[in-house]
**Q** 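First the structure, which I've put down as structure tokens, then a few questions once you've had a look.
Computed over heavy atoms, backbone and side chain alike; hydrogens, waters and symmetry mates excluded.
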Amino acid sequence: RSFRMISEDRRPSAAPATQVIAPAQPPPPPVEDDPLQTENFDPAKFINDKLKNVRMGDEARKLQSIRGDLSSTNQACGEMLKNNVFQNFQQFIDAAKEISHVEQEVYQLSALLTEQRTLIESLMQMTTDDKASIHTASSSSTFNSAANTMQQLLAKIDGIAPILNSMKPSEKVLMHGEVTLLDPDTKQRRQRSYLVLLPDRLLVAAQTPPNKFSFESSFNLNSIAAVNVKDRESGGGDSAGLVMKLLVFPDQRYYRADTVRVKQQWLDDIEAAKRAQLREGGLQRQATIRGRRRTVKEVAGSLSGLPSIRDSMLEEDEQQQEVDESLLAYLAELPAELDVCLAHKNLDQAVEIICEWKEQRGIDAAVDTQMALREIQVVKLLSDSVRLPVGGGHGGPKAMTRARIMLASLGRGTYAVDLYLQRRSTMLRNAYKDVTVTEEPLTHVRALCALYSTAAADTLNEFGTQPEHFCQVLQFCSKEMSTLLTLVRKHVIEVVPTMGILSRTWKILAKVCDDMTAFGAQLTFEMHRLLTPAVSEALEDNFAQLIHTFRLRVEEERWRGTTVESEAALARLCEEFSDLDLRVDWAISGPTSLHISNHILEASRQALSLAVDLAGLRSSPLGGQCDDYMQQVWTELLSCLTGVENAPESHAYSTNFVLTQVLPACQGVYYYEGEEPLTRLLEEQFPELLQFVLPTKEESEEEEEEVASC
């Protein structure tokens, strides 16, 4: 069966020598798999039905075929089940995200509907005659809603009036509501509290006896953080999924909301308010810095535009002093502004401040020292974002790429690329460890090559527009190619060093190198340098065993015809050679015998198999070694056919079979079109065998028909 599979892949007359292996595809499930899915499946009946119409002697072969089909079905079902599990898990994550978004949108829709209802009620209360008031209904409704909220809070909370009255007209209450304060240790109820979220602070009020609340404390949003509490930390029971934690340095408070939606709304609104406050502070800081820089430049420009000859020295000194004072004041504030950005993890703004400082470096030595220390801190934070694994608060691939770009803007582009490539290398090697070594070595090789090709192609595409870093990327691809070849050598070449596995493994790796060449990375030389010695040694060991087998057959050859057990066995033998594009039916001497020697039949199979396996390696640096192997095999085989005294009839049939069928088939499979080294070997070293090159029965019949037609 193995020779039949090889012959189907390599027909000497139908496909070139470079198309031995078809692309890997998952094994398809058998067509007749309906009985396997029934509840009352009977294995014995299933096997009997399969063997009902099988000829005598074919039972073992049919059972092996059924076993192979069932194994393919089992493997395909396992792969399908694994893919379904991963797909369902990803769908579950996506559905959870969509549900969260839908809850937020439903809440926003509810708020909009409430506002619209209030607006409609206000419009209905107005007189239809006063049309002017209709145009101000929306703004009046919004003002009334805010005023109603203020009045509600003033009536409900004692001591909150000074804070609400000091709010700006543009500010409003973002959210307010009652929650339950829990004990930090036991998670038991302590008291009811009232929270009020403003644009810049969070107000907390405690409940007093007559169902009112008393103002307790106020926290700046920059000094607090709202965190969700998991079910196992919330104490279970009625508090499951309803508790949030408010981090107020150095303490922490646990609050239980009435519903999950309210808790999530508190978390989202507090986070949104903090982001808005941070964004507003950044805009104000940028406006202040740009204003001061503009002032410095204007003063410097006015100084340069003054006619130095006609101006007095006093006025020039005053202008220069004003420039220096403004610039020094601007530089003195940069360290504090950078500290604020680092405290809020705003690395984008921190990098921008450092770039602005570098434009004025050297003016103030004290500021330069402080900024240099902070730059080292920023570089360390960005390096951690690139180097540390995904998760643990270090961001994902987008954060890693953004950090690499920011490092490049600080003049550390090469360092950033090195960190990034080290990270990709670690990820790729961890992926290699997850690949299971199976009994199918070629499947293992394809899995490793797929991981390498994906990682290398992604990296080459990402840096395709950055030629200054292509040398580092090429070094990364070469290093990972070395790792890939080491794994292939340890897990495949040194474990299963057969001719067929070696040839197909080489073709798979050569295809990977061709793909990398299309992306601009020529790594074929690396494959030849690292893999050729191991493959050459494995080929030498295999060929030594093959030559030893040939010589044993020569010693045991008695030139007797082949005899099989039955006519069915003879038919199977003819069919097997027919699958190899070799015909032996013309040499049948009886119901169960052939004129061709059994040793010659086996040697022919081995010679053709060797030609098929070595054909995939002929275009490699091992081509010369493979040519020598073909010459040695055929020298041994032709030597076996010479020097036979009183040769029986089976010798003539065997020699004719080898010279007219096996030799042309091997020559067509291994050598390129037009090359005939085996024919020259026969003519130059074994001319006495040319007399046995007789036409077959079919050729004789064709000649007779041609003569008769003439």
**Q** Find out whether Leu338 and Trp357 are in side-chain contact, i.e. whether some heavy atom of one side chain is under 4.5 Å from a heavy atom of the other.
**A**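 They are not in side-chain contact.
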
**Q** Could you tell me whether the side chain of Ser503 and the main chain of Met499 form a donor-acceptor pair under 3.5 Å?
**A**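 Answer holds: no.
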
**Q** Answer yes or no: are there more than 12 heavy-atom neighbours, outside Glu540 itself, under 6.0 Å from its atom CD?
**A**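 No, CD of Glu540 has 12 or fewer neighbouring heavy atoms, counting only those of other groups under 6.0 Å.
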
**Q** State whether the number of non-hydrogen atoms from other residues, nucleotides or ligands found under 6.0 Å of Gln91 atom CD is greater than 12.
**A**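 Result for CD/Gln91: enclosed.
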
**Q** Stepwise, does the side-chain contact (heavy atoms from CB on, under 4.5 Å) test hold for Ile93 with Lys97?
**A** CA-CA 6 Å; Ile93 295 176; Lys97 293 181 180 178; 3.9 Å; yes

**Q** For residues 78-86, dump all side-chain donor-acceptor pairs below 3.5 Å to protein atoms at least two apart in sequence or in another chain.
**A**
| residue | atom | partner | partner atom | Å |
| --- | --- | --- | --- | --- |
| Asn83 | ND2 | Glu79 | O | 3.2 |
| Asn84 | ND2 | Met80 | O | 3.2 |

**Q** Of all the heavy-atom pairs spanning Met516 and Ala456, show the shortest one and how long it is.
**A**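 Where Met516 meets Ala456 most closely, the heavy atoms are SD-CB, 3.4 Å.
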
**Q** Distance from Arg67 atom CZ to Leu63 atom CG, nearest 0.5 Å?
**A**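 The distance works out to 10.5 Å.
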
**Q** Measuring from atom CG of Leu539 to atom CZ of Phe543, what distance do you get when rounded to the nearest 0.5 angstrom?
**A**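 The distance works out to 10.5 Å.
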
**Q** Count the heavy atoms of every other residue, nucleotide or ligand shown that sit under 6.0 Å from CZ of Phe41, and state whether that count exceeds 12.
**A**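 It does: Phe41 CZ has more than 12 such atoms within range.
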
**Q** Between Val243 and Lys245, does the side-chain contact (heavy atoms from CB on, under 4.5 Å) criterion hold? Intermediate values first, please.
**A** CA-CA 7 Å; Val243 180; Lys245 180 166 57 175; over 6 Å; no

**Q** In this structure, are over 12 heavy atoms from other groups packed under 6.0 Å from Lys358 atom NZ?
**A**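 Yes, NZ of Lys358 has more than 12 neighbouring heavy atoms, counting only those of other groups under 6.0 Å.
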
**Q** Determine whether the side chains of Ser536 and Gln625 contain a donor N or O and an acceptor N or O closer than 3.5 Å.
**A**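 Yes - a donor-acceptor pair under 3.5 Å links their side chains.
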
**Q** So does Arg605 get a backbone contact from the side chain of Ser609, meaning a donor-acceptor N/O pair under 3.5 Å?
**A**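 Not at all, since once roles are kept as given, no pair shorter than 3.5 Å links the two residues.
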
**Q** Measure the CG-OG distance between Leu509 and Ser620 for me, rounded to the nearest 0.5 Å.
**A**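 Rounded to the nearest 0.5 Å, the CG-OG separation comes out at 11.5 Å.
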
**Q** Enumerate, atom names and distances included, each donor-acceptor pair closer than 3.5 Å involving a side-chain atom of residues 470-486, sequence neighbours excluded.
**A**
| residue | atom | partner | partner atom | Å |
| --- | --- | --- | --- | --- |
| Gln472 | OE1 | His469 | ND1 | 3.3 |
| Gln472 | NE2 | Thr414 | O | 3.2 |
| Gln472 | NE2 | Asp418 | OD1 | 2.6 |
| Glu480 | OE2 | Ser425 | OG | 2.6 |
| Thr483 | OG1 | Arg429 | NH2 | 3.3 |
| Thr483 | OG1 | Lys479 | O | 3.3 |
| Thr486 | OG1 | Ser482 | O | 2.8 |

**Q** If every non-hydrogen atom of Val378 is compared with every non-hydrogen atom of Leu410, which pair is closest and at what distance?
**A**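 The answer is CG1-CD1, 4.3 Å.
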
**Q** Does the side-chain contact (heavy atoms from CB on, under 4.5 Å) test come out yes or no for Thr454 and Leu428, once each step is laid out?
**A** CA-CA 10 Å; Thr454 302; Leu428 181 58; over 6 Å; no

**Q** Is it true that, when you exclude Glu468 itself, more than 12 heavy atoms of the residues, nucleotides or ligands shown sit nearer than 6.0 Å to its CD?
**A**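 It does: Glu468 CD has more than 12 such atoms within range.
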
**Q** Taking CD in Gln631 as the centre, count heavy atoms belonging to other residues, nucleotides or ligands within less than 6.0 Å. Is the count above 12?
**A**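 Buried by this count: over 12 neighbours within 6.0 Å.
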
**Q** Keeping Lys274 on the side-chain end and Ile224 on the backbone end, is there a donor-acceptor pair under 3.5 Å?
**A**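 Between the backbone of Ile224 and the side chain of Lys274 there is a qualifying donor-acceptor contact (under 3.5 Å).
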
**Q** What I'd like to find out is whether the side chain of Leu382 reaches to under 4.5 Å of the side chain of Val351, using heavy atoms alone.
**A**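 Touching, per the 4.5 Å side-chain cut-off.
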
**Q** Are Tyr415 and Ser383 close enough that a side-chain donor and a side-chain acceptor fall under 3.5 Å?
**A**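 A donor-acceptor contact under 3.5 Å links the two side chains.
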
**Q** Taking the side chain as every heavy atom from C-beta outward, state whether Thr426 and Arg423 have any pair of such atoms under 4.5 Å apart.
**A**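 No, every pair of side-chain atoms sits at 4.5 Å or beyond.
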
**Q** Answer whether the closest heavy-atom distance between the side chains of His444 and Leu487 falls below 4.5 Å.
**A**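 Contact flag for His444/Leu487 side chains = no.
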
**Q** For residues Glu440 and Gln75, determine if any side-chain heavy atom of one lies less than 4.5 Å from a side-chain heavy atom of the other.
**A**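 No, every pair of side-chain atoms sits at 4.5 Å or beyond.
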
**Q** For Asp581 and Leu608: C-alpha separation, side-chain torsions, deciding distance, then whether side-chain contact (heavy atoms from CB on, under 4.5 Å) applies.
**A** CA-CA 10 Å; Asp581 281 347; Leu608 186 56; over 6 Å; no

**Q** Tell me yes or no: between the side chains of Asp628 and Gln632, is some donor less than 3.5 Å from an acceptor?
**A**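 Result is no, nothing qualifies.
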
**Q** Can you give me the closest heavy-atom contact between Ser604 and Val662, atom names plus distance?
**A**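 Between these two residues, the closest heavy atoms are OG-CG2, 3.5 Å.
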
**Q** I need the Glu676 CD to Leu678 CG distance, nearest 0.5 Å.
**A**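 It comes to 9.5 Å.
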
**Q** Would you call Met630 and Asp627 a side-chain contact if the rule is heavy atoms closer than 4.5 Å?
**A**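 Side-chain contact under 4.5 Å: no.
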
**Q** If I compare all heavy atoms of Met371 with all of Ile353, which pair ends up nearest, and what's the gap?
**A**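 The answer is CE-CG2, 4.1 Å.
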
**Q** Any donor-acceptor pair under 3.5 Å linking the side chain of Thr517 with the backbone of Cys513?
**A**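 Flag set: sc Thr517 to bb Cys513 pair under 3.5 Å.
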
**Q** Quick check for you: to the nearest 0.5 Å, what is the distance between Thr498 atom OG1 and Asp541 atom CG?
**A**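 Interatomic distance, Thr498 OG1 to Asp541 CG, rounded to 0.5 Å: 12.5 Å.
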
**Q** Are Tyr670 and Tyr629 an aromatic pair, judged by ring center distance below 6.0 Å?
**A**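 Tyr629 vs Tyr670: aromatic centres not under 6.0 Å.
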
**Q** Is any side-chain N of the basic residue among Glu375 and Arg412 closer than 4.0 Å to the acidic one's carboxylate O?
**A**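 A salt bridge is present here (some side-chain N lies under 4.0 Å from a carboxylate O).
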
**Q** Give, for atom CG of Asp514 and atom CG of Leu523, the distance between the pair rounded to the nearest 0.5 Å.
**A**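 Those atoms lie 11.0 Å apart.
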
**Q** For Trp634 and Ala607, work out which heavy atoms get closest and say how close.
**A**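 Reported closest heavy-atom pair: CZ2-CB, 4.4 Å.
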
**Q** With a 4.5 Å cut-off on side-chain heavy atoms, are Asp613 and Asn542 touching?
**A**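 No, their side chains stay 4.5 Å or more apart.
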
**Q** Under the 3.5 angstrom rule, does the side chain of Arg529 hit a backbone N or O of Phe525 as a donor-acceptor pair?
**A**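 Answer holds: no.
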
**Q** What is the minimum heavy-atom distance between Ala431 and Leu451, and which atoms define it?
**A**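 Heavy atoms only, the tightest pair is O-CD1, 3.6 Å.
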
**Q** Are side-chain heavy atoms of Trp506 and Leu502 found at a separation under 4.5 Å?
**A**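 No, too far: nothing below the 4.5 Å cut-off.
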
